[in-house]
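Some notes on the structure that comes next.
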Amino acid sequence: MNDAAPAATLVAPKGYNLEEVTWVHHWTDSLFSFRCTRSPALRFTSGQFAMIGLVVEGKPLVRAYSMVSPAWEEHLEFLSIKVANGPLTSRLQHIKVGEHVLIGQKPVGTLITDNLLPGRNLWMLATGTGLAPFMSLLRDPEVYDRYERVIIAHTVREVAELAYRDYLTTELAQHELLGEMVREKMIYLPAVTREAFPIQGRITTRLEAGTAERDAGVARLDPAHDRVMICGSEAMNADCKTLLEARGFVEGNNSEPGTYVVEKAFVTK
Ligand code: A2P
């Protein structure tokens, strides 16, 4: 909590678990990750989000956050922006190991493998903190069971915002259980729009031009074979939807699977 009370004196509001922060990492002045303990009773599917936050003035102050950690992991991990005057993130950015956060007991979301029809390549299109649900999915063996190639295209404004870049470039491929599948199937396509970088430009521009597929070394996006998950700002989601639908992709949801799914990367103030 933002007050310094020990956990024993804090009571979780109805519908939330109180979890202890175990790790904090600041990527930039405006981006950080943290881990906390996970109640064994908390169930979720990789790619989903939960309401998380702090008790402020006796009340829960929560926002939607995608889990970065996969469903099988013992702890929970989240990726957050820091907004100086944001009600939640202005406080959450100062969280320290040993302090407590609220975790909603009912994770939900559309970015799950069951909402997509079977296919050949799975494209994950992320901008900014929209990477979070894909970090979870990229560590779920089911994703690799279902697809021949899993392409994570993360686009940000500046190089420093490529959170988890080292992990995706080297560590994940060495993972004890996932490493072999990752080495065989995962393709990481980091891109930057406002600084020099090997891959530059918006994902929409690169898909229009075919350079995203060329950089990944795969065939042009095709709804007959490929599946897409999108997670970014409202504008990015809308532009990706337009591009995909013009090519015949159909949106899937929790009642009917499709050839693409989309979710807002929650701008959590
Ligand atoms: P750009 O630098 O050209 O605006 P943001 O921080 O605004 O959410 O942006 C994160 C990344 O998403 C940036 O690289 C940004 O590119 C890109 N982006 C923003 N809007 C769109 C859009 N409508 N379609 C595709 N990419 C977008």
Side-chain angles (χ1 to χ4, degrees), residues 25-33 47 49 63-66 68 78-90 92-93 109-111 122-138 151-169 187-216 218 220-221 223 226-249 251 259-269:
H25 178 76
H26 293 268
W27 303 98
T28 69
D29 286 351
S30 58
L31 196 61
F32 74 111
S33 290
F49 66 87
R63 297 288 184 267
Y65 274 85
S66 294
V68 161
F78 301 95
L79 172 64
S80 180
I81 52 166
K82 309 177 198 175
V83 181
N85 55 1
L88 178 62
T89 68
S90 64
L92 198 58
Q93 64 178 292
T110 56
L111 300 180
L122 174 61
W123 283 81
M124 299 171 168
L125 311 183
T127 54
T129 55
L131 177 67
F134 302 133
M135 287 303 300
S136 178
L137 285 158
L138 284 166
I151 303 145
I152 170 66
H154 187 208
T155 310
V156 296
R157 296 179 183 200
E158 296 171 8
V159 181
E161 295 168 330
L162 286 171
Y164 298 101
R165 184 176 164 202
D166 289 344
Y167 186 84
L168 292 171
T169 307
I187 298 165
Y188 174 45
L189 281 189
V192 174
T193 50
R194 302 193 188 189
E195 276 184 345
F197 195 72
I199 302 179
Q200 278 182 286
R202 291 184 169 194
I203 186 63
T204 39
T205 312
R206 290 181 287 125
L207 285 171
E208 291 283 5
T211 52
E213 292 98 323
R214 189 199 63 199
D215 290 334
V218 300
R220 287 301 294 265
L221 260 190
D226 299 323
R227 304 292 170 254
V228 186
M229 291 181 159
I230 310 164
C231 191
S233 64
E234 236 156 288
M236 181 272 196
N237 286 355
D239 287 354
C240 287
K241 277 177 82 144
T242 303
L243 183 150
L244 292 178
E245 289 186 2
R247 296 205 195 172
F249 282 84
E251 186 171 355
T259 49
Y260 83 93
V261 284
V262 58
E263 199 145 75
K264 197 169 67 176
F266 308 101
V267 178
T268 41
K269 296 188 174 146

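Start at 1 and go down the list; that is how both ligands and their atoms are numbered. Given the structure is predicted, the values throughout are model-derived calculations rather than measurements.
- At least one N or O atom of Ala235 sits closer than 3.5 Å to an N or O atom of ligand 1.
- Residue Asp239 approaches ligand 1 through these ligand atoms, each under 4.0 Å from one of its heavy atoms: 22 (C), 23 (N), 24 (N).
- The side-chain heavy atoms of Ser30 and Ile81, taken from C-beta on, include no pair separated by under 4.5 Å.
- Atom 8 (O) of ligand 1 has Ser233 CB, 4.0 Å as its closest protein atom, hydrogens excluded (heavy atom only).
- A ring pair (Phe, Tyr, Trp, His ring centres under 6.0 Å) with Phe266 holds for exactly one of Phe78, Tyr65, Phe49; it is Phe49.
- Looking from atom 19 (C) of ligand 1 to the surrounding protein, the closest heavy atom is Arg202 NH2, 3.6 Å.
- Residue Arg157 touches ligand 1 through backbone and side chain together, judged by heavy-atom distances below 4.0 Å.
- Among protein heavy atoms, the minimum distance from atom 15 (C) of ligand 1 is reached at Thr193 OG1, 3.9 Å.
- Proximity of Leu111 to Met124: side-chain heavy atoms (C-beta onward) are nowhere separated by under 4.5 Å.
- At the shortest separation from atom 25 (C) of ligand 1 among protein heavy atoms lies Thr204 OG1, 3.4 Å.
- Considering every non-hydrogen atom in both Val228 and Leu122, the closest pair reads N-CD1, 4.4 Å.
- In this structure, Met229 and Leu137 have side chains that are in contact, with non-hydrogen atoms separated by less than 4.5 Å.
- The backbone and the side chain of Thr155 each have at least one atom closer than 4.0 Å to an atom of ligand 1 (non-hydrogen atoms only).
- In this structure, the protein non-hydrogen atom closest to atom 10 (C) of ligand 1 is Thr127 CB, 4.0 Å.
- Residue Glu158 holds its CD atom at 8.5 Å from OG1 of Thr193, rounded to the nearest 0.5 Å.
- Between Val156 and ligand 1, an N or O atom pair is found at a separation short of 3.5 Å.
- In plain terms, the two heavy atoms of Ser136 and Gly47 that are nearest each other are OG-N, 3.3 Å.
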